[in-house]
Structure formats: structure tokens, C-alpha cells
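Below you'll find the structure, written out as C-alpha cells, and then a few comments.
Count residues from 1 along the sequence. When a ligand or atom number is given, it counts from 1 through the structure's own listing order. All values reported here derive from a predicted model rather than from experimental measurement.
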Amino acid sequence: MPPARPPALLDAFAYQAGRLHAEGVPLSKIADAAGTPCWVYSHGALESRYRAFDAAFAGIPHLICYALKANSNQAVIKTFADLGAGADIVSEGELRRALAAGVPPERIVFAGVGKTAAEMAVALDAGILQFNVESDQELERLSQVASQMGRTAGVALRVNPDVDAGTHAKITTGTAENKFGIEIDQARAVAARTAALPGLKLSGIAMHIGSQLTSVEPYRQAFARLVDFARMLMNEDGHKLERLDLGGGLGVHYQHAPPVDLASYCAAAREALAGFPGTVVLEPGRWMVADAGILLARVQYVKRGSLKTFVILDAAMNDLIRPALYDAWHPVIPVVEPAAGHGLETVDVVGPICESSDVIATGRSMPPVAQGELVAIGVAGAYGAVMASTYNSRPLAPEVMVKGGAFSVVRSRPSYDEMIASDRLAPWQIHRT
Ligand SMILES: *Cc1c(COP(=O)(O)O)cnc(C)c1O
């Protein structure tokens, strides 16, 4: 009999002999070794995600630039880099992380609306593939920095196709109301300016319309606008474009019916790109890592009030902020498999932080859990550890990677001494004796 898989978790996390495992390792063993809360990633799940994405685009020249901001642990980036992935970065820190994990610079694209001159210089020095430029001022600055260095910057203009991605307001980026990209009506003039400025080479057009898209329709519209625009630049204005960058944003299955499936996303891209001679760049983030990670936590207390029951964990909003920030839904799964015929209880799963928004799950119907039990918060591999803070002076939770029957701590929990040591007293507070 195949192992029982809790709903909403990938095969990498399944019950074996009544205990939830990550691949071949019981989660209780990881909790004993690394403590809780802690993040657990499946190497196998990461690999299979990358391979599936790569296979979907087989037959057309493509470059998968994994969007580091979804999960930028070195072990995660290296897993993808070893399979041939590039990186989509949004800061100097991410550039350094990508290079440190072995991503070749010629597979790195630099996105973001606020690149500083210093960041541009570091990226030019590293020799990255392209800058996705989001405004005319950014273009001027990049030209200045590159010319001063005697370098040529590959430029893709990020256009804003004015398509509503139909996703959460805080993660939609492709309408004229958003700060992202150059409005498509203005982009033709910016393209002409790119060709005229020193130190720049217009090599492509880029888009990214939002995150956690659940329908392929916005993609279809945006791809069509992007390709029409690119053709006009090539055919009427004589620009030579080598690449079209379709961005990321592919949603994953948190709660409701699965969003866009990879095959129809890919079909929409193939349809729009038909006849385009260059390389397609893809920037998936969430889709590559979300299902491959969980946050492991221990129940500290179960508090039964007259109106509500609270399950209080040792994981909190400083670890996983998505429920507080985006009203995100994550599965909460007992590590000990509930007995057959177990009942359900409606609870709020919360953390210990002094904020009412410190929730992991609200009004959740789940098998009863008891004090001291372990729970897995699922689909937590993306925008989890990277968004964590030390609010309430809680150390960053460690990250663990599992491969088959082996596991390894790939970021350790900082000690309290380390946390305090980065503060300094002002000189006037130090009393001489
Ligand atoms: C965030 C981001 C991505 C990745 O988005 P996902 O929703 O995680 O796939 C890709 N490209 C750009 C420019 C981004 O800002």
C-alpha cells in the first residue's frame, strides 16, 4: 500500500507507519536534532519541480531563472544550479547568494524597481546576462554606470502589459496602477532611448504580472501583448531582440482547487511565442519551492475558551508571516497520524507573539492535537524563511534539507549571544570604572 499522503502535501511529505516523514526521515527525528520551529525542505521535491518545468519547455530555447526571493537558502539555490538553472535576483544580496551557490553570471537576470548605482556596478562587474529595467531614470543611471566602467549592460525593458492577474492585491504587479514596469505605450520611446544611450544593449523585453496566479487567462493576454510589442520593435523599429522574459507568478495549491497547471501555462507561452526566434526566459519562484517545504512546530498549549479554542505553537508570524500579511491559508497537519474515525475540531492556530495578527490558521477544522505534539505547516517552502524576522527577539528558525534517508541542517539557529552581539551601546552609555 502506498504511504498515506495528507491532503495538500506533496508526496515528499507522507505518513509512513503512522508518522509524517520528509522523504525517508521521520519529522520527529528532525525536531529532536534541530529543535522547533524549523523549516524542512525536500531535495527530491525541489529537483522534480525543476525537472518538470524544464521538460514542459522542451524543444524551445529557454532559460529558467529561479526567482531567489522565494527561498534563497544556499542549499536550495545549489540544488537548482546543479540542474542548470539561472537566477532572477532583486538585490546585491541575492546576486551574491546566486554567485556563491554556483549560478553562472551569464544565467542571472536582475529585476526590481529600485536598483542602486552600487548594485548595478557589482552586477556589471560580475558579468550578468541582463538588467530588467523598469523606468527611464533607471535606464539613464545604468547607462552612466556601465559607460564609466567601460562595460555594456544587457537590457530587457520590463513592460507593464496592464493585465489584472486576478491575484491578491498585495502580489499583483501588472496593471497600470502598480509601481512595476514601463507602461507599454511609453515603452517604444524607452526602447529607442536604450539603443541610443552608451553602455547599453537592448536585448529583450520582460514582464511579470504578479504572483500566485490561479488562472492562465491573464498570462495569455499579457503574453500576447508582450509578443505584439516585441514584434513591432523588431519589424518596425529595427531592434534586434534576443530574449523574451515571461516572468514568474505561477500559483501553487494552498487550499482550493489547483491553480493553473503547468501544461496549460506552457501551452499559452508556446502559442504566443510561435515564430519568435530568440530565447524565452522564465522566472518561476513560488512554484519551484512552495510544496517542497514545511514549517515544523510543536504545540505548546491548547487553550479552550468559551468561544474559541486556541492551539498555541512555538512557531509564529515572525517565522511564517504569510497568514498575517496576505490572509494566506496553509495546511496544518499532525505529525502523528490521527487514528481512524477521529473527529474534527475547529481551532485557531496561533503563535506566542504579542499581536492579534499572530495567526497561522483561523477557524481551522482539523483533527484534535494535544500539548507537546508536533505539527507540520505545509506548502511553506516559498516566501517562508526568507520573510522571517526576529520580532520578539525570537531567533530565526533553522532550515533542514532532506534527501532520501539523510538530512542536514542547511542554516542553523543563531544563538542568543549572536543576536545580542550585533547591538552596540553608544559611547556615553558605557560607564568607566
Ligand atoms: C517575485 C518575482 C518573480 C517570482 O514570482 P513567483 O510568484 O514566486 O513565481 C519573478 N519575477 C519577478 C520580476 C519577481 O519580482
Numbering as shown, the atoms of ligand 1 that approach [X] to under 4.0 Å (heavy-atom distance):
| X | answer |
| --- | --- |
| Y383 | 1 (C), 4 (C), 5 (O), 6 (P), 8 (O) |
| G249 | 5 (O), 6 (P), 7 (O), 9 (O) |
| A111 | 13 (C) |
| G248 | 9 (O), 10 (C) |
| S211 | 6 (P), 7 (O), 8 (O) |
| R286 | 6 (P), 8 (O), 9 (O) |

* Asked: Under a 4.0 Å heavy-atom limit, does H208 contact ligand 1 with its side chain, its backbone, both, or neither?
  ->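 Looking at H208 and ligand 1, just side chain atoms fall under 4.0 Å.
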* Just let me know how V90 lines up against ligand 1, side chain, backbone, both or neither, with a heavy-atom cut-off below 4.0 Å. => neither
Can you tell if the side chain of [X] reaches within under 4.5 Å of the side chain of [Y], non-hydrogen atoms only?
| X | Y | result |
| --- | --- | --- |
| V359 | D348 | no |
| Q74 | R411 | no |
| R322 | Y254 | yes |

* To do: From the options H208, E283, R158, select the one residue that forms a side chain to side chain donor-acceptor pair (under 3.5 Å) with N132.
  =>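 Only one of H208, E283, R158 forms a side chain to side chain donor-acceptor pair (under 3.5 Å) with N132, namely E283.
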* Pairing residues for K78 by the salt bridge (charged side-chain N to carboxylate O under 4.0 Å, His left out) criterion, not counting sequence neighbours ->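 Here the qualifying residues are D82.
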* Return the residue, atom name and 0.1 Å-rounded distance of the protein heavy atom closest to atom 13 (C) of ligand 1. =>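 So the nearest neighbour among protein heavy atoms is E283 OE1, 3.4 Å.
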* Looking at atom 1 (C) of ligand 1, what's its closest protein heavy atom, distance included? ->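 It is K69 NZ, 1.2 Å.
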* Asked: Looking just at side-chain N and O atoms, do N71 and Y41 make a donor-acceptor pair shorter than 3.5 Å?
  ->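 The answer is yes; a qualifying pair exists.
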* Should the pair F80 and Y50 be assigned to parallel (<30°), tilted (30 to 60°) or perpendicular (>60°) ring geometry? ->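 Judged by the thresholds at 30° and 60°, the geometry between F80 and Y50 is tilted.
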* **Residue list, ring pair (Phe, Tyr, Trp, His ring centres under 6.0 Å) with F110, at least two apart or on another chain** =>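 For F110 the ring pair (Phe, Tyr, Trp, His ring centres under 6.0 Å) partners, ignoring immediate neighbours, are F131.
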* Asked: Is there a heavy atom of R158 sitting under 4.0 angstrom from any atom of ligand 1?
  -> yes
* Could you tell me whether some N/O pair between A67 and ligand 1 is separated by less than 3.5 angstrom? =>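 No - when backbone and side-chain N and O of A67 are compared with those of ligand 1, no distance drops under 3.5 Å.
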